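All values below come from the heavy atoms of this structure, side chains included, with hydrogens, waters and symmetry mates left out. Every value quoted in this text rests on a predicted model; they were computed, and no experiment measured them.
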Amino acid sequence: MDYGRYKYKLTKKRQEAKKKQATFQLKEIKVRPKTGEHDLQTKINHIKKFIERKDKVKVTVVFRGREITLAQFGKDLLERIINETEEIASVEQNPKMDGRSMVMVLAPKQLPK
């Protein structure tokens, strides 16, 4: 067998494997505990758009100054986002405190085969 032909077949196999590989990006949405209703709906619409494009979404609630005492508001906000996107997204990482912010990751739901 010709060595050139062998290398050609190897590159073709790599290209096919790359096509079938699932690719995604991690998008981030930042909100504050006192984010307004309309702004929150806009951000939820962005999250839905990212999920439909098969990207993962990292939702971050940022606390500034004394807002850190409002951690329950942040948790309620993330729960609301989970409830509004539950048809198309699943929680990959549950909400948890990370310094002065609360973080969770949403991923597109896997369709049953």
Side-chain angles (χ1 to χ4, degrees):
M1 185 162 156
D2 184 20
Y3 181 69
R5 185 77 180 154
Y6 171 73
K7 284 190 65 144
Y8 173 77
K9 284 185 178 183
L10 277 180
T11 57
K12 282 296 177 185
K13 281 184 185 178
R14 285 191 196 123
Q15 285 176 348
E16 283 299 316
K18 201 172 190 179
K19 278 184 191 176
K20 294 178 184 176
Q21 192 175 35
T23 58
F24 66 89
Q25 285 185 321
L26 182 65
K27 302 288 188 174
E28 184 173 16
I29 299 286
K30 289 187 179 184
V31 293
R32 300 270 312 275
K34 295 183 177 182
T35 300
E37 179 61 32
H38 182 264
D39 296 334
L40 185 62
Q41 285 302 320
T42 302
K43 290 187 185 267
I44 289 173
N45 288 338
H46 284 303
I47 291 170
K48 289 179 181 178
K49 185 171 61 173
F50 292 146
I51 293 291
E52 287 168 1
R53 289 194 328 211
K54 304 289 186 234
D55 292 332
K56 292 183 180 183
V57 181
K58 178 180 178 180
V59 183
T60 306
V61 179
V62 180
F63 300 100
R64 286 195 189 151
R66 294 181 183 163
E67 286 180 348
I68 198 72
T69 60
L70 305 176
Q72 187 58 41
F73 284 148
K75 194 157 188 73
D76 294 341
L77 194 62
L78 292 178
E79 288 298 323
R80 180 169 170 202
I81 291 172
I82 290 170
N83 290 336
E84 292 202 25
T85 60
E86 67 186 349
E87 310 88 41
I88 59 172
S90 61
V91 179
E92 187 172 273
Q93 178 184 334
N94 288 319
K96 68 173 188 171
M97 285 300 289
D98 184 27
R100 297 191 71 80
S101 60
M102 189 175 288
V103 179
M104 79 169 174
V105 178
L106 298 173
K109 273 196 174 172
Q110 299 295 326
L111 297 175
K113 293 183 180 180

Give the other cluster members for [X], using side-chain heavy-atom distances under 4.5 Å between Ile, Leu, Val, Met, Phe, Trp and Tyr residues; answer none if it is isolated.
| X | value |
| --- | --- |
| V61 | I29, V31, L40, I44, I47, F50, I51, V57, V59, F63, I68, L77, L78, I81, I82, I88, V91, M97, M102, M104, L106 |
| Y8 | none |
| L70 | F73 |

Quiz item: Which side-chain hydrogen bond (donor to acceptor under 3.5 Å, both in side chains) pairs, counting each pair once, include a residue from residues 57-68, with sequence neighbours left out?
Solution: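 Those involving residues 57-68 are E28-T60, R32-E67.
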Self-check item: Short side-chain to backbone donor-acceptor contact, K43 and K30, under 3.5 Å
Solution: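 The answer is yes, because a donor-acceptor pair under 3.5 Å joins these two groups.
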Quiz prompt | Pairs where residues 8-18 contributes a residue and the test salt bridge (Lys or Arg N to Asp or Glu O under 4.0 Å) is met, not counting sequence neighbours | solution =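 Qualifying pairs: E16-K19.
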Self-check item: Residue pairs involving residues 70-82 (criterion salt bridge (Lys or Arg N to Asp or Glu O under 4.0 Å); sequence neighbours excluded)
Solution: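 Salt bridge (Lys or Arg N to Asp or Glu O under 4.0 Å) check on residues 70-82 returns E37-R80, R80-E84.
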Can you give me the closest heavy-atom contact between [X] and [Y], atom names plus distance?
| X | Y | value |
| --- | --- | --- |
| A107 | E92 | CB-OE1, 3.7 Å |
| K56 | P108 | CG-CD, 4.4 Å |
| Q25 | D55 | N-OD1, 3.2 Å |

Exercise. Please report the C-alpha distance between K27 and H46 in whole Å, then the side-chain angles of each, then the deciding distance to 0.1 Å, and finally whether the side chain to side chain contact (heavy atoms under 4.5 Å, CB included) criterion is met.
Key: CA-CA 10 Å; K27 302 288 188 174; H46 284 303; over 6 Å; no
